Number of protein chains: 2
Amino acid sequence: MDISENRMIEENQKFMENKFYNDILPLNRSGWLTTEMFIKSVVDLLLQFIQEINNPNTKVINFHHPTELIAKLDLRIPINPTNLQKVLEDCKEVLKYQVRTGHPRFFNQLSTGLDLISMIGEWLTATVNTNMFTYEISPVFVLMEKEIIETMCEIVGWPSGKRDGIFSPGGAISNLYAVNAARHYMFPRCKAIGMVETPNLAMFTSEDSHYSIRGAAALVGIGVDNCFPIPVDEKGKMIPSKLEEEVILAKKNGYVPFFVCAVGGTTVYGAFDPINEIANICKKYRMWLHVDAAWGGGILLSKKHRHLANGIERADSVTWNPHKLMGALLQCSACLIRHEGLLFQCNQMCADYLFQQDKPYDVSYDSGDKAIQCGRHNDVFKLWIMWRAKGMNGFEQQVNRLMDLANYFTEKIKKTPGYELIMENPEFLNICFWYVPKNVRHLESTEKKARLDKVAPKIKAKMMSSGSTMVGYQPDKDKPNFFRMIISNPATTYEDLDFFIEEIIRLGESL
Amino acid sequence: MDISENRMIEENQKFMENKFYNDILPLNRSGWLTTEMFIKSVVDLLLQFIQEINNPNTKVINFHHPTELIAKLDLRIPINPTNLQKVLEDCKEVLKYQVRTGHPRFFNQLSTGLDLISMIGEWLTATVNTNMFTYEISPVFVLMEKEIIETMCEIVGWPSGKRDGIFSPGGAISNLYAVNAARHYMFPRCKAIGMVETPNLAMFTSEDSHYSIRGAAALVGIGVDNCFPIPVDEKGKMIPSKLEEEVILAKKNGYVPFFVCAVGGTTVYGAFDPINEIANICKKYRMWLHVDAAWGGGILLSKKHRHLANGIERADSVTWNPHKLMGALLQCSACLIRHEGLLFQCNQMCADYLFQQDKPYDVSYDSGDKAIQCGRHNDVFKLWIMWRAKGMNGFEQQVNRLMDLANYFTEKIKKTPGYELIMENPEFLNICFWYVPKNVRHLESTEKKARLDKVAPKIKAKMMSSGSTMVGYQPDKDKPNFFRMIISNPATTYEDLDFFIEEIIRLGESL
């Protein structure tokens with residue numbers, strides 16, 4: 001940076017120090033130049049952030065303990081307005097301490113990465129700041145949501161005339177939609193009179209399914225205890241015969257089994273339940289089949305790999321989060337329903353002030369009354385625009401490449417001393433493993449287990465301090481703490497995986 | 001624009017026509033210049049949009065019927081990737097047809113306006129693309145949410161030690177949180193065993209309250225029929241004596257009354273229920289008091305006007321949507337709870353993979369397990385940054401100014417022939433009125449009513465075609481369709497209100 005540039009920056013800063021929120025639009029209609037300068041200054045900060053996080057050699061995290069960070073940040077709301085230069089500095093400060101989830105070496109969650117086309121989609125969404133409840137104020141996005149829901153249902157494999165759905169704020173809410181729709185389908189009077197005359201309902205779900213299924217059971221008044229966990233096999237897949245046993249037992253105990261959740265990509269192991277066999281049981285006992293493919297839904301985009309979710313076309317409802325495998329920005333989750341009109345019947349409250357029937361256009365496009373939300377964020381544009389940019393083929397390549405990366409990682413750690421896979425051949429993008437430090441490798445089983453349980457948290461702590469990468473860990477049943485590697489970030493390269501493998505060794509070898 | 005500028009634009013376009021999603025970051029790590037150029041091109045489009053919508057003489061809406069718009073737009077997902085120039089054109093196309101909710105003459109919803117500081121907050125939020133469930137990946141935003149929830153609870157008037165809450169995707173979900181928390185408070189075993197052993201529960205809410213209260217009753221398994229509407233007086237306020245009558249009746253009929261919703265700013269009339277009197281009844285009958293101040297919560301920021309919500313400090317829970325009166329971008333809604341720890345007890349599912357207890361930091365900062373969502377969008381930053389910029393005083397002025405504008409509007413239409421107020425002196429920012437065309441003014445009551453019912457939809461249709469302004473309408477009980485003017489957009493000026501009054505006359509006078 002030369003002297004004149006430096007001086008310009010200083011002058012800009014001084015200028016902004018004398019400007020406040022009411023010097024720009026919308027309050028100051030003649031404040032366009034200041035407005036533009038302010039917004040462009042923010043964009044510069046964001047561009048710098050984007051450039052940084054895409055450099056694999058920068059830190060993923062600049063870790064501070066909560067009390068340390070509280071001491072560093074000034075989070076209070078002031079009495080008087082803050083000048084715009086300070087607002088810019090606030091933004092800078094936030095960017096400094098925020099974890100870089102788009103970094104190619106961030107493997108900590110199912111949702112990783114920063115797709116820049118989805119990102120500009122979200123910037124546009126913010127700028128038009130609208131609400132999805134009516135065609136009246138969201139004409140383009142309402143049509144877009146219809147189109148994308150249609151496309152997703154087609155990819156799932158449902159015939160036209162049996163396609164419905166809605167974007168919701170996350171997979172947990174999508175699962176809630178499904179449970180509620182299933183109950184309404186079976187017991188429509190429940191909406192009006194509650195659970196009073198409803199028989200004891202039983203739900204069934206893989207013991208490895210996401211906690212939001214139990215959460216939905218609690219919320220809708222069925223109760224967590226009436227959501228029965230079905231055992232999984234050594235690959236983490238629900239055992240259909242166990243499901244049938246539980247259904248029979250529940251009936252014997254006076255329950256009405258009505259809902260089964262099969263998982264398309266479990267949270268920890270990435271397992272796909274045997275949907276076809278589960279669908280047979282659902283058919284036999286007249287139960288609603290929900291497939292929670294929040295994580296694995298994206299696999300349907302790959303001709304090569306979509307067999308993992310075979311049978312999904314038989315589901316009554318599907319949760320599919322494009323903000324996970326497809327890399328759309330948070331939040332972007334769809335609940336798809338194979339029963340047209342059911343969402344309306346189930347959730348409709350017919351508010352006069354919003355869903356007038358005498359509007360000057362075809363009000364069947366006002367989709368808001370099928371939502372459990374009233375105001376609803378536009379989550380479709382950021383998905384639509386990235387999907388347009390990649391096309392079906394681009395997305396297929398993206399998914400295939402992630403699967404290749406996962407396979408590479410698995411094969412490589414198989415050959416790397418100290419690494420032990422939890423499951424020999426993971427079928428999806430979750431690779432679960434222990435790292436066994438040298439001193440632990442030759443211990444006998446019980447002691448090894450006890451020591452291993454402490455290894456992952458210790459490595460994680462060192463990792464967060466060093467900031468070089470991030471990955472999650474957890475115990476599971478009798479298995480002590482192990483790492484769960486997730487490969488969902490298109491930014492990740494083979495070199496990043498090599499780095500990761502070495503980094504775990506560096507952090508863990510002396511433990 | 002001179003020739004050289006024109007040529008540069010053409011060259012840029014040609015350049016972008018040959019670039020695709022995989023030519024920019026993150027897939028092409030050496031594609032920084034193209035990345036920057038692409039993002040800046042989008043920013044230019046957005047800046048142009050912002051400038052346009054702040055010009056009151058531009059159109060609010062460029063209306064097309066659904067079938068027309070479908071014909072104009074290409075919404076399909078292509079097989080092959082789309083070049084970046086086409087992506088930019090897609091953005092342009094969307095901006096062209098989208099309703100301008102930030103326009104100073106957009107009065108159609110409770111949420112209006114485009115606060116640019118909140119907007120850049122949302123751009124930053126998108127860019128850091130993170131999830132609120134753990135401190136681990138959202139350290140700054142988790143602390144920020146804690147701070148803002150604390151601040152909002154303090155403004156409500158709750159003592160420290162009795163402050164909790166969470167940001168949720170909209171007021172309907174915040175109300176759902178409140179109903180669920182109340183049920184858990186009274187019947188904690190319901191979470192595990194469902195409604196089986198729970199007595200028949202009764203909820204009570206103003207007949208003018210938002211439909212999401214009934215929606216929550218349906219969803220949680222209580223049933224819409226068990227959510228009793230309480231009559232309102234001529235100002236739209238719940239009549240406390242009627243509430244007590246209904247509570248007594250419900251008890252007599254074997255119900256357990258447990259939840260009362262008082263409204264802080266009803267959707268149509270903007271009425272504030274008499275919270276203190278309702279709180280007395282709640283205390284007497286040991287019921288949970290929820291105040292749905294989704295719309296009116298912002299009034300608490302004004303010393304002059306906060307008396308409207310007197311008694312709110314006695315509530316057990318409060319819904320307050322900063323995306324309404326405070327003008328934060330959609331979505332930004334808080335459910336505040338006066339019982340610390342209750343949200344955790346109520347919603348906690350203790351997922352091992354996410355909320356490990358052996359993390360290297362104080363895990364009490366992992367607030368995710370008090371949510372009914374798992375992944376949760378960061379809705380706090382866009383509020384925090386605008387609140388910092390305005391300070392308490394700036395916000396107070398904003399609210400006071402909106403109240404002044406509303407008062408000006410009311411007084412002016414009182415004196416304008418053809419305008420008839422539904423309520424003589426609206427206390428808040430909703431001004432409901434009929435416009436009575438000349439030919440209708442002197443008709444006798446029944447015929448006038450029948451004619452009036454068609455006037456508002458007709459004016460609205462003409463308004464949408466001309467695109468000059470937007471306002472909502474609805475019927476209510478025996479009242480034929482009337483307009484609901486909402487003054488919540490800080491961009492609106494006195495001149496815009498004058499324009500609006502004349503415009504309704506222009507559109508309606510000949511009907």
Side-chain angles (χ1 to χ4, degrees), chain A residues 21 25-26 42 46 54 65-66 75 77-82 87 94 97-99 101 120 122-123 126-130 137 140 147 169-170 172 191-195 211 218 221-223 225 329 331 349 351-353 358 360-361 365 373-375 377 387-389 391-392 394 457 461 474 491, chain B residues 21 25-26 42 46 54 65-66 75 77-82 87 94 97-99 101 120 122-123 126-130 137 140 147 169-170 172 191-195 211 218 221-223 225 329 331 349 351-353 358 360-361 365 373-375 377 387-389 391-392 394 457 461 474 491:
Chain A
Y21 73 98
L25 287 172
V42 176
L46 298 179
N54 276 285
H65 283 282
L75 294 175
I77 300 302
I79 299 298
N80 290 311
T82 301
V87 170
V94 164
Y97 295 110
Q98 183 46 36
V99 174
T101 58
I120 61 94
E122 193 72 342
W123 288 15
T127 308
V128 300
N129 191 30
T130 197
I137 65 160
V140 181
E147 175 73 22
K191 179 179 177 182
I193 62 171
M195 299 281 281
Y211 69 89
I222 288 172
D225 291 355
L329 258 65
Q331 287 184 330
M349 292 286 150
D352 265 347
Y353 79 95
D358 52 5
Y361 59 85
Y365 286 89
Q373 299 177 271
C374 170
H377 187 260
W387 209 338
R388 290 274 286 187
M392 290 292 185
Q474 64 285 300
Chain B
Y21 74 97
L25 287 173
V42 176
L46 299 179
N54 277 285
H65 283 282
L75 294 174
I77 300 303
I79 299 297
N80 290 312
T82 301
V87 170
V94 164
Y97 295 110
Q98 183 46 35
V99 175
T101 58
I120 61 95
E122 193 72 342
W123 289 15
T127 309
V128 300
N129 191 30
T130 198
I137 66 160
V140 180
E147 175 74 21
K191 179 180 178 182
I193 62 171
M195 299 282 280
Y211 69 88
I222 288 172
D225 291 355
L329 259 64
Q331 284 184 333
M349 292 285 150
D352 266 347
Y353 79 95
D358 51 5
Y361 60 85
Y365 286 88
Q373 299 177 270
C374 169
H377 187 260
W387 210 338
R388 290 274 287 186
M392 290 292 184
Q474 63 285 300

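Values reported hereafter were calculated over all heavy atoms of this structure, with side chains retained and with hydrogens, waters and symmetry mates removed. Convention: sequence-line order gives letters A, B, ...; per-chain numbering from 1. What you are looking at is a predicted structure, and each value in this text was computed from that prediction instead of being measured.
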Quick check for you: among [options], which has the greatest number of heavy-atom pairs under 4.5 Å with chain B?
{"options": "A:Gln373, A:Gln474, A:Gln331", "result": "A:Gln331"}
{"options": "A:Pro360, A:Pro81, A:Gly194", "result": "A:Pro81"}
{"options": "A:Ile222, A:Leu329, A:Val87", "result": "A:Leu329"}
{"options": "A:Tyr365, A:Trp387, A:Tyr97, A:Tyr21", "result": "A:Tyr21"}
{"options": "A:Ala172, A:Ala461, A:Gly170, A:Ala126", "result": "A:Ala126"}

How far apart are the closest heavy atoms of A:Ile137 and B:Gln98, and which atoms are they?
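Minimum heavy-atom separation between A:Ile137 and B:Gln98: O-NE2, 2.6 Å.
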Quick one: does A:Thr101's side chain have a donor or acceptor within less than 3.5 Å of a partner on B:Asn129's backbone?
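Yes, because the side chain of A:Thr101 sits within donor-acceptor range (under 3.5 Å) of the backbone of B:Asn129.
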Under 4.5 Å from any heavy atom of chain B, what part of A:Val42 do you find: side chain, backbone, both or neither?
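For A:Val42, the side chain is the part near chain B, not the backbone.
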Residue B:Ile79 versus chain A: region with a heavy atom under 4.5 Å:
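Both parts, backbone and side chain.
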What pairs with A:Asp358 under side chain to side chain donor-acceptor pair (under 3.5 Å), at least two apart in sequence or on another chain?
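So A:Asp358 forms a side chain to side chain donor-acceptor pair (under 3.5 Å) with B:Tyr473, B:Asn481.
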Among all residues two or more places apart in sequence or in another chain, which pass the side chain to side chain donor-acceptor pair (under 3.5 Å) test with A:Thr127?
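A:Thr127: side chain to side chain donor-acceptor pair (under 3.5 Å) contacts with B:Trp123.
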What residue in B:Pro169, B:Ala389, B:Pro457 has the most heavy-atom pairs under 4.5 Å with chain A?
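Most pairs with chain A among the choices: B:Ala389.
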